[in-house]
Amino acid sequence: MWTRCRHALVTRWFGLERGLVVLEIIVGIAPLLGLVGTIVGMMSAFSDVGQSLNNAAKLAKDIATILNATLLGS
């Protein structure tokens with residue numbers, strides 16, 4: 001009885017560990033994607049500022065994009 005329980009536990013344990021690799025990769029990449037999104041948003045915002053200084057609505061939209069990318073990546 002004990003050996004069957006132990007075998008079932010070990011089998012389940014290794015099954016759960018196999019899924020952790022994917023989770024570790026996602027956790028490692030997510031902050032980098034947030035940083036890339038932030039940089040792309042900042043480039044877009046500064047590009048819009050350089051082209052047209054009077055378009056505050058577009059600048060506000062770009063800043064919102066930057067903040068969302070930072071929030072989702074962290």
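Separation of atoms CZ (R6) and OG1 (T11) is listed at 11.5 Å; rounding is to 0.5 Å. The CG atom of L20 lies 11.0 Å from the CD1 atom of I25; values are rounded to the nearest 0.5 Å.
Follow the hydrophobic side-chain contacts under 4.5 Å out from I26 and you never reach V21; the two are in separate clusters. By the criterion of side-chain heavy atoms lying less than 4.5 angstrom apart, applied directly or through intervening Ile, Leu, Val, Met, Phe, Trp or Tyr residues, V40 is not grouped with L67; the two fall into different hydrophobic clusters.
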